[in-house]
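Ligands are counted one by one from 1 in listed order, and the atoms in each one are counted from 1 as well.
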Amino acid sequence: MDTKIIKINENNFSKLQEPAKALADGKLVAFPTETVYGLGANALDENAVKNIFKAKGRPSDNPLIVHICEKSDVTKLAREINENAQKLFDTFSPGPITIILKKQPYISDAVTAGLDTVAVRIPVHKAARELIRMSGVPIAAPSANLSGKPSPTEAKHVIEDMNGRIEYIVDGGSCSVGVESTVVDATGESPVILRPGGVTLDDIRSIIPSATIDPHVLDLDMPNEKPKSPGMKYKHYAPRAEVIVIEGDTANVSAKIQSLCKIARSEGKKIGVMLRCENETVYDADCILIAGETSRQYASNLFSNLRKFDENNVDIIFAEFKNADGMGVAVRNRLYKSAGNNVIYV
Ligand code: TXA
Ligand code: MG
């Protein structure tokens with residue numbers, strides 16, 4: 001299949017008409033959002049939805065998020081919106097949040113993986129909203145990467161993974177948040193964060209103080225318990241290179257990475273180091289990339305850096321990590337997963 005790439009900016013949204021029609025016709029279209037690129041299909045077309053799983057190599061028991069452009073469309077997907085869910089929509093949508101609600105009976109099991117709930121998200125990204133609006137249908141969309149790989153934050157990442165597998169890629173530049181939306185289960189008495197993301201626990205607690213975070217997100221050593229968000233259990237975000245996270249105070253982290261570089265060098269490995277910020281420490285590494293000092297910067301650069309290390313053919317990546325505050329919870333969650341929980345605390 002030939003994949004058509006459509007470059008857009010705010011002055012030429014009319015170019016979205018062709019991919020919007022393709023979506024309505026059951027084709028697959030990758031598009032930018034404020035978090036990461038999504039791989040969209042008409043959520044009401046079961047065949048189209050099944051093709052998403054084929055294109056990504058995604059396990060069918062991992063449900064998809066359904067994207068809409070207006071709050072008034074939520075009731076078309078969900079049969080029950082309680083007071084907390086309403087507050088979450090009113091405060092954080094459109095934006096990087098996904099809200100789990102009891103589904104309408106006609107939402108296909110292919111979308112929800114047989115669950116009685118549906119994940120609903122209203123992106124704030126202008127082109128994403130315009131594309132959804134023009135298509136006239138709700139859009140089921142996971143991140144537009146091959147299953148297991150880092151999520152795409154630029155069109156070139158989508159091209160790497162999806163060229164020849166889908167009909168269209170809408171190129172709208174880089175995604176600003178850089179990690180996926182916060183997934184919140186709003187079906188119970190208090191909201192529970194199932195996947196940390198662009199909206200933090202503190203943000204949510206500022207309007208609903210009883211909100212909590214699923215313990216699996218924080219404690220990665222609970223292998224026998226089933227996480228509530230099915231996608232959280234799979235290998236994820238992994239570049240080709242081995243990733244090791246070194247977490248702790250700056251001086252200890254630097255010293256540890258220096259000694260790890262020495263060992264990796266003696267083993268003939270090509271070495272990558274992901275720094276939080278530029279510093280005085282000299283690392284004997286082949287590729288050094290900066291993530292960012294604040295958690296927001298780190299989030300925004302994380303996935304693209306992991307892909308850049310692969311482009312540079314490094315064998316091993318040492319990643320500095322410090323702040324697990326605010327968005328740092330989401331960064332840590334993605335980073336630990338990309339490392340297969342290979343973390344050294346110093
Ligand atoms: O920012 C995002 O959320 C991006 C953009 C494209 O919107 N999408 C995204 O989709 O990250 P995906 O498929 O990569 O991740 C969806 C997550 C998975 O962990 C999945 O298990 C969870 O949401 N999920 C979907 N429906 C659910 C449901 N009904 N109950 C619990 N978790 C659900
Ligand atoms: Mg994903």
D284 meets the side chain to side chain contact (heavy atoms under 4.5 Å, CB included) criterion, sequence neighbours left out, with R265

Min over P96, G114, P142 of heavy-atom distance to atom 10 (O) of ligand 1 lands on P142

Closest to atom 8 (N) of ligand 1 (judged by heavy-atom distance), picking from G38, A141, A128 = A141

Of all the atoms in ligand 1, which lie at a distance below 4.0 Å from a heavy atom belonging to [X]?
X    : value
A119 : 25 (C), 26 (N), 27 (C)
N62  : 18 (C), 20 (C), 21 (O)
T117 : 28 (C), 29 (N), 30 (N)
S143 : 8 (N), 9 (C), 10 (O), 12 (P), 14 (O)
I65  : 3 (O), 8 (N), 9 (C), 10 (O), 16 (C)
L115 : 28 (C), 29 (N), 30 (N)

Quick one: does I100 get within less than 4.0 Å of ligand 1, heavy atoms only?
-> yes

Does R58 reach ligand 1, in the sense of a heavy atom lying below 4.0 Å from it?
-> yes

Does a side chain donor of either [X] or [Y] reach within less than 3.5 Å of an acceptor in the other side chain?
X    : Y    : answer
S181 : T35  : no
T200 : D203 : yes
R121 : S93  : no
R307 : T153 : no
T187 : D185 : yes

Any donor-acceptor pair under 3.5 Å from R58 side chain to S147 backbone | no

With distance as the sole test, does S254 use its side chain to make a donor-acceptor pair with the main-chain N or O of T250 at under 3.5 Å?
-> yes

Is any side-chain heavy atom of [X] less than 4.5 Å from a side-chain heavy atom of [Y]?
X    : Y    : answer
T112 : T117 : no
F303 : E180 : yes
Y237 : V243 : no

So for ligand 1, is [X] a polar contact partner (N or O within less than 3.5 Å, distance only)?
X    : result
H67  : yes
T35  : yes
E180 : no
T33  : no

Among Ile, Leu, Val, Met, Phe, Trp and Tyr joined by side-chain contacts under 4.5 Å, find the other residues sharing a cluster with F318 and list them by chain and number.
-> I244, I246, V253, I257, L260, I271, V273, L275, Y283, I288, I290, I316, I344, V346

With sequence neighbours excluded, what pairs up with F309 under the ring pair (Phe, Tyr, Trp, His ring centres under 6.0 Å) test?
-> none

Near the Mg ion (ligand 2), protein N/O/S count under 2.8 Å comes to 1

